[in-house]
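What follows is a single structure, and I will ask about it in a moment.
Heads up: numbering here begins at 1 and tracks the sequence. Please read all numbers here as calculations on a predicted model, not as lab measurements.
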Amino acid sequence: MLTTLKRIVQEVSKIPVLEDALAYLTETLSNAMDVDCCSIYLADYEEQNFLLMATYGLEKSAVGNVTIGFSEGLVGLIGQREEPLNISDAKSHPRFKHYGEVKEEKYHAFLGAPIIHQRKVLGVLTLQQKNKRRFKEDEEAFLVTLATQLALVIVQAETRGTLSLTEDNQNQRWRKKISGVPGSPGLGMGIGFVPNFKVSITSHVAKRSKNHELEISKYRKAVELTRGQVDELSGRIEGQVPEDVQAIFQIYSHLLDANSLGHEVEAHIKQDWDAASSLKYVIENYIQQFRNMSDPYMQERAVDIEDLSNRILANILGTDSPDQRVMDPSEAAILVAEEVTAPMLAEFSQIKLRGIISVRGSNNSHAAILARAMGLPAVMGLTGAPLSLLDGKLLLLDGYSGEVIVSPSAAIKREFKVLVTEELELSDRIMEQAHLPSVTSDGYPMSLMINAGLSAEMEGSHFSHGEGVGLYRTEVPFMLRERFPSEQEQVDLYRQMLEACPEKSITMRTLDVGGDKPLPYFPIVEENPFLGWRGIRLTLDHPEIFLVQIRAMLRANIGIGNLQIMLPMITSVSEVDESKRLIRQAFHEVSEEMIGNDKQIVMPKIGVMLEVPAVIYQIQQLADKVDFFSVGSNDLTQYLLAVDRNNARVSGLYDSYHPAVLSALKIIAEQCKKFDVPVSICGEMAGEPGGAILLMAMGYKNLSMNSHNLLKVKWVIRSVSLDHAQSLLTNTLVLDTPQRVKEEVNTYLESIGLGGLVRAGM
C-alpha cells in the first residue's frame, strides 16, 4: 500500500494542471483499490459549496457543473464533521441526497474522506461500489492517508495558479492574491526581483497555448541555438578530457535531434501546451527513466539531460543564459527569494527596495526582523509560490495582511496607491511629534531605544530619535562575511557604532548565532537548532571567539565609555559566572596593553537577556551578578509556547499576546522591581503600539525596538495615560486567548482615536 501511495502522489504532483491531475488520480485510485467509482469535490467558500472536479465512474458531463452545498448530502456531511464516512448503503443514510446529473443510482457502498490543510477543508475524496458492503479498515486508512497527501498538492497547485491556467486567462488568474505570513508592516509596490535566478525545468510553471505554429517555431529555434552552444563547448574541451566525458556531448547531440526530443515536444505543443511546458513534460519523463535505471552510469546521465534541457529552456524564454537578468538600480523592486538572508539584504541595498518576499520563514524569522529594522514591508512563508512567476512582474505587497498581488489591474493599482498615501499621511502626523519627549498624557516618562544590527552608516540617522541602542545585534556583521571578522575589524565596526551616539548608552549583545541565524563559514547541523548549540552556549565552548569579541568591544569603548555588554541565551547562573570570568580576563589583557596610554579603559555594565523560561525563576540569584536585565520577548514567547516561529505549519500559534506570555512578562517586571535591577525589553512586542501600552502598564520603563517603529510608539505613549494603560492591562490579563487580548487592545486604541494604528500595529 505504501508503495502504491507514493507512486500515486508522485505522479499526480508532476501533472501541472490541477484538473488533469485530479482526473488522473480518480482513475488510478479506482484501479488500485479495485472500486467502481472515485470522485473528488473541491470546496468553494465564496459559494459555500463543493464542486465536482474529477470523477471516474460518475457522469463526465457533471464535472465542473454539479455543486453540493456545505450542509447538503453525504459530501457536505463529511465536510461538516471533518472526518471520514464509511457506509454500506449510501441511499439508506438520512443525509443522502440524489443528484440526477451525476447518475450514481447503481452505486451503494460509499467511503469518503475530507481533504484538509491547516484546519481548512479543501474538499472531499470519495469511493463508491455497486454492491452493498462496508469498506475495510485498511481501505479507509489508505483513503485518509491519500487525502492528507492530496491536500498539499491542491494547495501548491492553487498557489502556482495552475487551476484552469491557459494563455488567455493567465494574466487574470494572477491578479488574485497569494497569501503568506505578515513579516514586516507596510505597503510596497515594485517589480519582483529574484537575485541570481536560474531558469529550470523542474521549477518552470506550465502554461497552455493554442498557437501551435508559433510555439513549434520557438522550440526549433531554441534547439538550433542550443546545438550551436553545445558544439562550441564540445570544441573547447576536445582532447583535454577523457573520452567518456567527451561522450556526454554526443548524448546532447542525439537528444537535440528532431527524431529524439523534437517529435515528442511538438506532439505536446499540439495538445495546447506552449514550447517551454512541452519541453518540461518530455524532459521530466526522460529524467525519471534514467534515474530508475539500474546502471549507476546511466543514472548519472539524468543530470546531463536536465542541464541540456535548462539550456534549451533558457533559449525558448529568450534569456542569454540560465542566469536571469540584473535589476536596474533605479527601478523600484520587491526582493524575492526562497529565503531572504542578511547578506542578501546588504548585497542588494543599492536597489530601490520597496519590500521583501521570502518563500520560507515566518513573521519572527531573522529575515523578518531585519526587514522591520530597515523599515521594509515583508511577506514570509509564501510556500508553493513559483519564483519564475514572481520575477519581473509588478507586485503589490501588503505586509499587514501577508498578501501579495501579482500583475494587478489598473483599478487595483489605483486603490493600492490610495492606501500608500494614507500610510504616508499617518507617518507625517507622527513625524510632527518626533522632537517631543516620550511622556504619557499624565506625565509618566518612558525611555525608548532602538534595536540595531546593520551599521552606523545605515542606522546612525535614527539614533537621535531614541535614548540609545537597547540591542545591537553583533551577529549581523558576522553573517555578512565569509569568515570570522578579525579583532581589528570588529574594533572599527563597534567604534563607529559607539561614536555615533557617544552621550547615549549602546548595549551590544555578544555573538548570538545558531537557530535561524547560521554562519555560512561555521555550519551547525542539528535536528532542533533552537534548543541546541546557540548563543552563549556556543561562545563559551569557543572562548577564542568570545574573548576576541569582548576585547574588540572594550578597545572600541576606550575614550568613549558608553558601552554595555549583554549575554544572550542564558539558562543558568554558572553561564553568567563563566562569561564574567572571560570578560574580566579580556579587560585585564586590554588594560595591560594600555599601560602608558593617557586614555583609560572602563569596565562596562554587564547584563543578561531573559529569554529562556528557566531564568524567570532565577532572577533573585542573577540579580546579585549583573547590572541589568533585558527581556528578549521573541525567544521567550517561542520557548514558553513550544513553537518554532520559523515553521509555517505552527507559526500561527506563535503569539506574544498569549495570556501565558503576558503573565510571564508581568512576573519578570515585578521580580526585577523587587530585587532592584533595571530591566528593558527588546523583542518585537515593544515596537507594537498595543504591546508598548501593555508593557508600560506592567512596569517596563525602557523599551527597545526597530528604529522605524520608535516614533510611532512615542506618538502612542504621548496619547495615553498610565492610569488607562493599567486598566487595559487588568482587563486583558483575565482573557483566555490571544485573539481576545488583541481585540481588547484594538478596541482601546480605537476608543482614544488611534484606530489607524490597528492596521499598522497589531
Quiz item: Is Tyr639 reaching over with its side chain to a backbone N or O of Ala614, donor-acceptor style, under 3.5 angstrom?
Solution: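 No, Tyr639 side chain to Ala614 backbone: no donor-acceptor pair under 3.5 Å.
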
Quiz item: Does Ser184 reach the main-chain N or O of Leu376 with its side chain, forming a donor-acceptor pair under 3.5 Å?
Solution: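 Flag set: sc Ser184 to bb Leu376 pair under 3.5 Å.
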
Self-check item: Pair listing, ring-ring contact (aromatic ring centres under 6.0 Å, His included) test, anchored in residues 664-698, at least two apart
Solution: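 Not a single pair qualifies under ring-ring contact (aromatic ring centres under 6.0 Å, His included).
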
Quiz item: Applying the side chain to side chain contact (heavy atoms under 4.5 Å, CB included) test to Ser579, which of Ile550, Thr539, Leu567 qualifies?
Solution: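 Passing option: Leu567.
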
Quiz prompt | Glu670 bridged to Lys673 by N-O distance under 4.0 Å | solution =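 No salt bridge links Glu670 with Lys673.
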
Practice problem: For atom CD of Glu482, decide whether the heavy atoms of other residues, nucleotides or ligands shown that lie under 6.0 angstrom number more than 12. | Solution: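 Open.
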
Quiz item: Is Glu487 salt-bridged to Arg555, going by a charged N under 4.0 Å from an acidic O?
Solution: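 Arg555 and Glu487: salt-bridged.
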
Self-check item: N-O pairing of Asp577 and Lys625 below 4.0 Å
Solution: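 Counted as a salt bridge, because a side-chain N and a carboxylate O are separated by less than 4.0 Å.
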
Quiz item: Does Ser704 reach the main-chain N or O of Ile450 with its side chain, forming a donor-acceptor pair under 3.5 Å?
Solution: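 Yes; judged by distance alone, with no hydrogens or angles, the pair exists.
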
Quiz item: Can we say Glu526 and Arg534 salt-bridge, meaning some charged N sits less than 4.0 Å from an Asp/Glu carboxylate O?
Solution: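 No, this pair does not count.
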
Self-check item: Arg495 side, atom CZ; Met553 side, atom CE - distance, nearest 0.5 Å
Solution: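 Nearest 0.5 Å value for the CZ-CE distance: 15.0 Å.
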
Practice problem: Taking Asn557 for its side chain and Gly561 for its backbone only, find out whether a donor-acceptor pair lies under 3.5 Å. | Solution: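 Flag set: sc Asn557 to bb Gly561 pair under 3.5 Å.
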
Quiz prompt | Check: Gly188 main-chain N/O paired with Arg354 side-chain donor or acceptor under 3.5 Å | solution =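 No; judged by distance alone, with no hydrogens or angles, the pair does not exist.
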
Quiz item: So, Arg537 and Asp512, do they make that salt bridge, N to O below 4.0 Å?
Solution: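 Looking at Asp512 together with Arg537, the answer is no, because their closest N to O distance does not fall below 4.0 Å.
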
Practice problem: Count the heavy atoms belonging to other residues, nucleotides or ligands that lie under 6.0 Å from CD of Gln600, then report whether that count exceeds 12. | Solution: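 Not more than 12 within 6.0 Å, no.
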
Quiz prompt | Parallel, tilted or perpendicular: rings of Trp533 and His542 (30°, 60°) | solution =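 Because their plane-to-plane angle lies in the 30° to 60° range, the rings of His542 and Trp533 count as tilted.
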
Quiz item: Is Lys580 salt-bridged to Glu575, cutoff N-O under 4.0 Å?
Solution: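 Looking at Glu575 together with Lys580, the answer is no, because their closest N to O distance does not fall below 4.0 Å.
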
Quiz item: Hey, is the main chain of Leu498 close enough, under 3.5 Å, to the side chain of Asn562 for a donor-acceptor pair?
Solution: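 Confirmed, Asn562 side chain pairs with Leu498 backbone.
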
Quiz prompt | Phe522 ring center near Phe484 ring center (under 6.0 Å) | solution =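 Between Phe484 and Phe522, which both carry aromatic rings, the centre distance is below 6.0 Å.
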
Self-check item: Arg483/Glu489 ion pair, N-O < 4.0 Å
Solution: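 A salt bridge is present here (some side-chain N lies under 4.0 Å from a carboxylate O).
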
Self-check item: Donor-acceptor pair, side chain of Asn634 and main chain of Glu684, under 3.5 angstrom
Solution: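 Between the backbone of Glu684 and the side chain of Asn634 there is a qualifying donor-acceptor contact (under 3.5 Å).
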
Practice problem: Calculate, to the nearest 0.5 Å, the distance between atoms CE and OG1 belonging to Met569 and Thr510 respectively. | Solution: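 The OG1 atom of Thr510 is 12.5 Å from CE of Met569, to the nearest 0.5 Å.
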
Exercise. Look only at the side chain of Lys504 and the backbone of Gly466, and say whether a donor-acceptor pair between them is shorter than 3.5 Å.
Key: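 Indeed, once roles are kept as given, a pair shorter than 3.5 Å links the two residues.
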
Quiz item: In terms of side-chain geometry, is the basic nitrogen of Glu744 or Arg740 positioned less than 4.0 Å from the acidic oxygen of its partner?
Solution: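 Looking at Glu744 and Arg740, the cut-off is not met.
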
Quiz item: Looking at Arg551 and Glu589, does any basic side-chain N land under 4.0 Å from a carboxylate oxygen?
Solution: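 A salt bridge is present here (some side-chain N lies under 4.0 Å from a carboxylate O).
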
Self-check item: Polar side chain donor-acceptor pair, Gln549 to Thr474, under 3.5 angstrom
Solution: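 Distance-only check passes for Gln549 and Thr474.
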
Exercise. Taking all heavy atoms of Ile601 and all of Leu554, pick out the closest pair and write down the distance.
Key: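 Between these two residues, the closest heavy atoms are CD1-CB, 4.0 Å.
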
Practice problem: Could you check if a side-chain atom of Tyr472 sits within less than 4.5 angstrom of a side-chain atom of Arg509, using non-hydrogen atoms only? | Solution: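 They are not in contact (no side-chain heavy atoms under 4.5 Å apart), so the answer is no.
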
Exercise. Mark yes or no for whether Tyr657, through its side chain, and Gly691, through its backbone, hold a donor-acceptor pair below 3.5 Å.
Key: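 Here the side-chain-to-backbone pair exists.
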
